[in-house]
Amino acid sequence: MIALVVAIALLCVAGWYLLSHRGALNPGLKNANGEETVFQALDYESLSEAIGKIEQLGELKIVTTDVSNYPNIKLYVQVKDESGEDIELFSPTSAIREQLSDGTMVERTIRSVERVKDNEGVGFELLIDKSGSMDSDMPQMQQTMREFINQLDFSVGDKAEILSFDSYLMYMTTFTDKQDFLLNGIDNMTPYGQTALYDALYTGVLNAGNRLGANCVIAFTDGADNVSSRSYNEVIALAKEKEIPIYLIGTANAESSVLSWIAKDTGGEYWDIDAMPDMGDVLKRINSTQKNLYSLEYTSDKSVKQYDPHQIDVLLIDGKTAAQGAIFPGAEFTPAQKKQAQAKSSRYEIKAADVSWMQANDKCIAQGGHLATVKDQAEMNKLTSLAGGAGLKYVWLGGYTSERGGKVFGHWVTGEPFNFSAWYPGEPSRNDKDGEPEFYLMLWNIQGKWSWNDQRNDPVHDSGLSYFRGKTGYICEYEQAQ
């Protein structure tokens, strides 16, 4: 009770102080809408000693951190009122003090206080169930996802990645701000197979967790997981390590108790929907929650090690209205380690390796690229030259085959249009002679000529396909090569 009274008093202080010192604040900063904002770093004691009235005391939670520019630390925080609704601070103002190893509290310099919505956008990892049970609901689900993509603000910095899952995990669109690629990825989903939800969640969290800034995972499923190699406990552990909230949407046939636990334990939320149109309202709410995060950047010092636990007292209040804010004394966080990919000097990189398509794709994604795609004959010539120069005959590319209405079609992992093809006669087949499914695009050299084939995931380690060994590789493509 005493702590609560103190917290309210501290925020009351801030209101009067900010209103009476309006001239000391720094006007002139503008958000993405051209609206004037106010930001001023006031010392912790000043905010604590002033007398006034805060109309709305909120709850502050640290969602994720960024220490890539250490000793500068960026905190992404959420501020909600008593009913769980987001509090909007028109001109966020903050003060932070940090505890040293000897217990001393030291005032820290605030570098910036910004609302994500106005300044840097959000990274959305979208995981979509396209198992066979989605057959009748697929059109409505796709329409709902299109509407969500169209709501994103790419001009500020929103980006998304779309992974679909059934018995397998497929990249419908790698992480991008290209709206047309994202929409194309949604359109190319077709129902198939069972439900590998936990495998999809694990990959989604891994991808999102290695990006800087505000990121989250959103997953929809219409049923229980039945084929994953990963467990939900592994998903939760990784999400906590990487500081990634998981938002889950399920229908009546989903395992609501498990999904609710995953969401709650990772700082997300779970919704049990009755009909597919309800999914649109949920997505709007998630989008709003993520956009209303605030980034607080302050300067620590190297006496506190980069990835060690940090303890701070933090105040966040509205410098314009002095009517809302939040306080979190004794906040603790341990910065997540992000495996940032290094910039590449060339667009393509070829690797000789006896690996499966999934392994090759994972390696490219982890390095900040993706398996290479082919838009025209000139690019085809470039890739075949690389493959030949490396002495390879079987090379993985970044494509899948899918089937709709009895017709097989190709899809690039980037979501870009599949307007060029170089299939070997009789391909794509979608199934091998022994009935094994073939989904993955391979560049291969048959009788001295390069062409494409859709292949099983891991032919190298099939006892009957030993001719792949020592002649297989993959090509990574980097969109941001220097």
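Contacts of Cys216 classified as disulfide bond (SG atoms under 2.5 Å apart), with partners at least two apart in sequence or in another chain: none. For Asp265, the side-chain hydrogen bond (donor to acceptor under 3.5 Å, both in side chains) partners two or more places apart in sequence, or in a different chain, are Lys240. Partners of Thr414 under the side-chain hydrogen bond (donor to acceptor under 3.5 Å, both in side chains) rule, at least two apart in sequence or in another chain, are Glu416. When the ring-ring contact (aromatic ring centres under 6.0 Å, His included) test is applied to Tyr467, no partner is found at least two apart in sequence or on another chain. For Asp432, the salt bridge (Lys or Arg N to Asp or Glu O under 4.0 Å) partners at least two apart in sequence or on another chain are Arg456. Residues meeting the side-chain hydrogen bond (donor to acceptor under 3.5 Å, both in side chains) test with Ser257, sequence neighbours left out: none. With sequence neighbours left out, the side chain to side chain contact (heavy atoms under 4.5 Å, CB included) criterion links Glu125 to Leu127, Glu161, Leu163, Asn207, Ala208, Arg211, Val217.
Within the structure, every pair that satisfies the disulfide (SG to SG under 2.5 Å) test and touches residues 336-438, not counting sequence neighbours, is listed here: Cys364-Cys476. Sorted by first and then second residue, the ring pair (Phe, Tyr, Trp, His ring centres under 6.0 Å) pairs with a member in residues 120-158 read Phe124-Phe148; sequence neighbours excluded. Screening residues 166-178 for salt bridge (Lys or Arg N to Asp or Glu O under 4.0 Å) gives Lys130-Asp166 as the qualifying pairs, with residues at least two apart or on separate chains. Pairs passing the ring pair (Phe, Tyr, Trp, His ring centres under 6.0 Å) check and including a residue from residues 264-297, sequence neighbours excluded, do not occur. For the disulfide (SG to SG under 2.5 Å) condition, no pair includes a residue of residues 399-447, sequence neighbours left out.
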